[in-house]
Amino acid sequence: MSELPKTFDPAAIEERWYEHWESRGLFRPDRADAKPWTIVMPPPNVTGSLHIGHALDNTLQDVLTRRERMLGKDALWVVGTDHAGIATQMVVERNLDSQSVKRAEIGREAFLDHVWEWKAQSGGAITRQLRRLGASCDWAHERFTMDERYQRAVTHVFVELYKRGLVYRDKRLVNWDPKFQTAISDLEVETKDVQGKFWTLSYPLADNTGAIQVATTRPETMLADMAVAVHPDDERYRALIGKQIKHPITGRLVPIIADEHADPELGSGAVKITPGHDFNDFEVGKRAGFKPADMLNMFDAQAHVVQTQDGLIPEDLLGLSRENARKAIVAKLEEEGALVRVEDRVIPTPFGDRSGVVIEPWLTDQWYVDAARLALPALQAVKKGDIRVVPETWKKTWYNWLENIQPWCVSRQLWWGHRIPAWYGAEFERRDTVDGNGVTHAQIGIKAFVAETEEEAQQQALAYVRKLELPAPPGWEEATPVVESEAEATELWMKGEGYPLWRDQDVLDTWFSSALWPFATLGWPEETEDLKRHYPNDVLISGFDILFFWDARMAMQGIEFMGEVPWRTLYLHGLVRDAQGAKMSKSKGNTVDPLGLIDRYGADALRFTLAAMESQGRDIKLDEKRVEGYRNFATKLWNAARFLQMNGVGPSDSIAAPKAELPVNRWIIGEVVETLAKLNAAFDELRYDEMADAIYHFVWGTFCDWYVELVKGAFDEETKRVAAWAFDQILVMLHPLMPFITEELWSANERPYELIVAKWPEPEAQVDPHAKAELDWLVRLVSEVRSARTELNVPPSAKL
RNA sequence: GGGCGCGUAGCUCAGUGGUAGAGCACACCCUUCACACGGGUGGGGUCGUAGGUUCAAACCCUACCGCGCCCACCA
């Protein structure tokens, strides 16, 4: 038995214990025969560092994991990191930039080498920080979403979805981020209100019989106007339907069409239609018979003006940015007298959630997941109760989103990520199209071969030409040639030097791969032992902010590929806010650094605070005073242990409660039993605040304030035995919340095993109602005496 | 436009049909041999507003006020 120091210093013990647990493999002791229990950690970005949100999320997970481990289960907490496509590419690109190295100059392969190098060096700092928190995850099982094996799983899923018709390529408008020059999904777009203007323009009729007024918030896109729409029932314009207008800037002749999209109440009731640059107009355009391939495009990838297919944009506008193009166009319109009116107006404007720039609807070929079909079983799983959602209020949000889900754009024009397993080649059939102005465009058809390997794609290509009963191009019989890019391929093609394939340059949305986390980390698609034992996971804990991004997609992919829900319970927690309730952000400078709090108060205090403040369905307003308070609680516990030690109270030799005669001992045993019951109930309901409340009040309000005071100076053998047992139960019950101090105090006595693998309490005892009544009476009596004494101003030194 | 949540002591939050709770803060007392990161005592709330249901409402219902969040193509 080692003597405890007088003061409790978390810093002195935390690192030592973590190292001990990890090196002895105690986070996942060998329990092949035990009942499995599984949770996967939302993989933090490799670029990330531990912020307070991670601290909350992982505390909640660790609390459950530690208890399940103590319940004797084979508790597996899967840990790993996410490659985080855009975020990581940005970081590495910035690093290279500072060394005057440009991504475009060094090329894809060299750039990816740099990313991997960066990942090896500084990536994953966050996993080291997770250790500070005490996260008892299975590091031997650590995964990365770009591990070779994981990549195979991702590729397999993509190819399978393609075979099942759930993944397809389509040309349509996407949310285009002109800063990162990639497509992004609907979820990555944040709509914000921006003070803007509402322009009313006058478009002259082509037959010079008048003009029609149209209104717009984006005059610059008029360069790609293809129609003017009016409501079919709008009497004012009925006679104009079918006529043409002569576009005031491009001179393009554009039809006036009838479409219900035009709202007679709004503006003039007539609206310009720019199918290539507006989501509504795209639909109107399709209804009007325009094919996506023929829709006019006036922007390049950076949203600078480029010439439309019909060559009608005036030279002086080419190359201008969106903003400058707007100014120039408005000026021109004004000059021509085509500008009728300008009004101030608040415009809901789409922004890229990472880039912060205005998103441009842009016509491109992208890969889409048929999310609606995948969503159905995920929707049902919650409705049928196969997934329990805690708190229940999120069920509605779940239904609402999945019921209205749109196709998910999964291709990204980035380099860092899972390369899309598609190879393209000539379709070997000409498909000429005729545009609205009667001009014929030669189109070279492109055929996609989706396969897990290049060899497979080559074979598919060969099979394809054979099916068309065409002779295989030179070299194809041996192996279809593959070149780097489409440009390279077409060049060879034009020169008559073969018809090679080229691989898709794009990568997949990061969330596409993280959606596989609950099973791909367990070895899927191989039928591993881990997979059989640990899928479905028991519970997932995540912030509600990634409910759609991650949770819902995990459910969709999990059910599709595993035939079962990914987890039985989905627990959603809120955001951690500052003491004033404001959202923490780096720019506001109100972030709380969890590592700083750990330095000042210890990991146990931070963990206890986060758990105590985690009440379902509410955000957490973190106040440092609270952390300080629970640091004090740890000190209280520490001193109780010292007191017991001074009085010769050692370790308990039994898990079951000892036999006791004295009412005070029988009472405290009953109090342990009741506390345990409260704690177990709180765990069943995932009520972290109640867990913390139950153990806090038992330790401080019952054990320290009353039991210890009552037995002071009267430590007979029975009392020592009971005190030892009760205190051991405290250590066990508190361990999931405060693992470090409890393990340290546990080890103050000789023990056959560490607390982390000790058994969860089974007192095999009952509350003794007589002892309880007696002690309750005594507590009340003493309290009343004290109260009376204070009220009568009796000096405390006076003897009763 | 739709959906969700919140409004209880100075602050942060539990409670959810039957005499209002916790922590912190505050006031007073205590350098008593585990602990001043402590011990003891105490003050403080017409539970957002207005109706309704009920023997009984902070808790259920309705409306309203205030705050926050999410989703949605109003040019």
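Order of the sequence lines fixes the chain letters, A, B, ..., with proteins taken first and strands second; residue numbering starts at 1 for each chain. Treat the numbers as computed from the prediction; the structure is a model and nothing was measured.
- One atom, CG of A:N404, and another, P of B:rC73, lie 10 Å apart when rounded to the nearest Å.
- Residue contacts for A:A634: at a heavy-atom cut-off of 4.0 Å it reaches no nucleic acid atom on any strand shown.
- What separates CG of A:N175 from P of B:rA72 is a distance of 10 Å, to the nearest Å.
- Nucleotides B:rG39 and B:rU46 have their C1' atoms positioned 35 Å apart, rounded to a whole Å.
- The side chain of A:C704 lies closest to B:rA34 when the candidates are B:rC24, B:rA75, B:rA34.
- B:rC55 and B:rG48 are spaced 27 Å apart, taking the C1' atom of each and rounding to whole Å.
- Searching all strands for a Watson-Crick or G-U wobble partner of B:rG1 with both distances below 3.5 Å returns B:rC71.
- Proximity of A:W700 to the phosphate of B:rC37: no side-chain N or O atom is located under 4.0 Å from OP1 or OP2.
- With RNA chain B read from its 5' end, the first of the two nearest nucleotides for A:G269 and A:V189 is the one closest to A:V189.
- Using a 4.0 Å heavy-atom cutoff across all strands shown, A:N400 reaches no nucleic acid atom at all.
- Candidate nucleotides B:rC37, B:rC4, B:rA75 were compared by shortest atom distance to the side chain of A:T635, and B:rC37 ranks first.
- Minimum atom distance to the side chain of A:M613 is reached by B:rU12, of the listed B:rA25, B:rU12, B:rA34.
- The separation of B:rG3 from B:rC64, taken at their P atoms, amounts to 13 Å, rounded to a whole angstrom.
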*Are A:H247 and A:T250 close enough, and set up right, to give a side-chain hydrogen bond (donor to acceptor under 3.5 Å, both in side chains), and what steps lead you there?*
CA-CA 6 Å; A:H247 193 272; A:T250 61; 3.1 Å; yes
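- Taking the ring centre of A:W408 as origin, the terminal cationic atom of A:R553 falls inside the region bounded by 6.0 Å and 45° from the ring axis.
- A:Q729 CD to A:T675 OG1: the interatomic distance, rounded to the nearest 0.5 Å, is 11.0 Å.
- Distance check on atom P: B:rG23 versus B:rG40 gives 11 Å, rounded to whole Å.
- If you check every strand for non-hydrogen atoms under 4.0 Å, A:T217 touches sugar and phosphate atoms only.
- Under 4.0 angstrom from either OP1 or OP2 of B:rC13 there lies at least one side-chain N or O belonging to A:K621.
- Here A:R345 lies in heavy-atom contact (under 4.0 Å) with sugar-phosphate atoms only.
- Taking a pair to require two hydrogen-bonding distances under 3.5 Å in either a Watson-Crick or a G-U wobble arrangement, B:rG43 remains unpaired.
- Taking atom CG of A:D193 as the reference point, atom P of B:rC71 lies 13 Å away to the nearest angstrom.
- Nucleotide B:rG66 forms a pair with B:rC6, judged by Watson-Crick or G-U wobble geometry with both contacts under 3.5 Å.
- Residue A:E709 is classed as a base contact, given a heavy-atom separation below 4.0 Å to a base.
- For B:rA9 and B:rC24, the C1' atoms lie 12 Å apart once the distance is rounded to whole Å.
- B:rC6 and B:rG17 have their P atoms separated by 15 Å, given to the nearest Å.
- Here A:V214 lies out of heavy-atom contact (under 4.0 Å) with every strand.
- No hydrogens or angles were tested; on distance alone, a donor-acceptor pair under 3.5 Å links the side chain of A:K636 to the base of B:rC35.
- What separates CD of A:E283 from C1' of B:rA75 is a distance of 15 Å, to the nearest Å.
- Below the 3.5 angstrom threshold, one finds no donor paired with an acceptor across the side chain of A:Q406 and the base of B:rA72.
- Distances shown here put a side-chain N or O of A:R618 below 4.0 Å from the OP1 or OP2 atom of B:rG7.
- The side chain of A:R642 sits closest to B:rC35 out of B:rC4, B:rC73, B:rC35.
- Picking from B:rA34, B:rG3, B:rU12 the nucleotide with the shortest atom distance to the side chain of A:K396 gives B:rG3.
- At B:rG38, one or more side-chain N or O atoms of A:N632 fall inside 4.0 Å of OP1 or OP2 (strictly under the cut-off).
- Counting heavy atoms of neighbouring residues, nucleotides and ligands inside a 6.0 Å radius, atom NZ of A:K171 exceeds 12 of them.
- In this structure, A:D693 atom CG and B:rG23 atom C1' are separated by 10 Å, rounded to whole Å.
- Across the protein-nucleic acid pair, A:E403 atom CD and B:rA72 atom C1' stand 15 Å apart, rounded to whole Å.
- Between the CD1 atom of A:I212 and the C1' atom of B:rA75 there is a distance of 13 Å, given to the nearest Å.
- Between the CZ atom of A:R687 and the P atom of B:rA14 there is a distance of 8 Å, rounded to whole Å.
- With both pairing distances under 3.5 Å, B:rG23 is matched to B:rC11 as a Watson-Crick or G-U wobble pair.
- The residue A:R631 sits close to a base: some heavy atom pair falls under 4.0 Å.
- In this structure, the side chain of A:Y203 does not engage the main chain of A:V214 through any donor-acceptor pair within 3.5 Å.
- Neither OP1 nor OP2 of B:rA75 sits under 4.0 Å from any side-chain N or O of A:K272.
- Between A:S615 and A:F544, the one whose closest nucleotide on RNA chain B sits nearer the 5' end is A:S615.
- Aromatic pair A:Y630/A:Y696: ring centres closer than 6.0 Å.
- Comparing the same atom, P, in B:rC4 and in B:rU62 gives a spacing of 12 Å after rounding to whole Å.
- Look at B:rC33: it lacks any Watson-Crick or wobble partner with both distances under 3.5 angstrom.
- Between A:E709 and A:K712 there is a salt bridge, since at least one side-chain N of the basic residue sits less than 4.0 Å from a carboxylate O of the acidic one.
- Side-chain contact, A:T635 with A:N632: no donor N or O sits under 3.5 Å from an acceptor N or O.
- With both ends at atom P, the span from B:rA27 to B:rG10 equals 16 Å, rounded to whole Å.
- Judged by Watson-Crick or G-U wobble contacts below 3.5 Å, the nucleotide B:rC60 has B:rG52 as its partner.
- Residue A:R626 places no side-chain N or O under 4.0 Å from the OP1 or OP2 atom of B:rC37.
- Proximity of a side-chain donor or acceptor of A:R600 to a complementary backbone N or O of A:G596 within less than 3.5 Å is detected.
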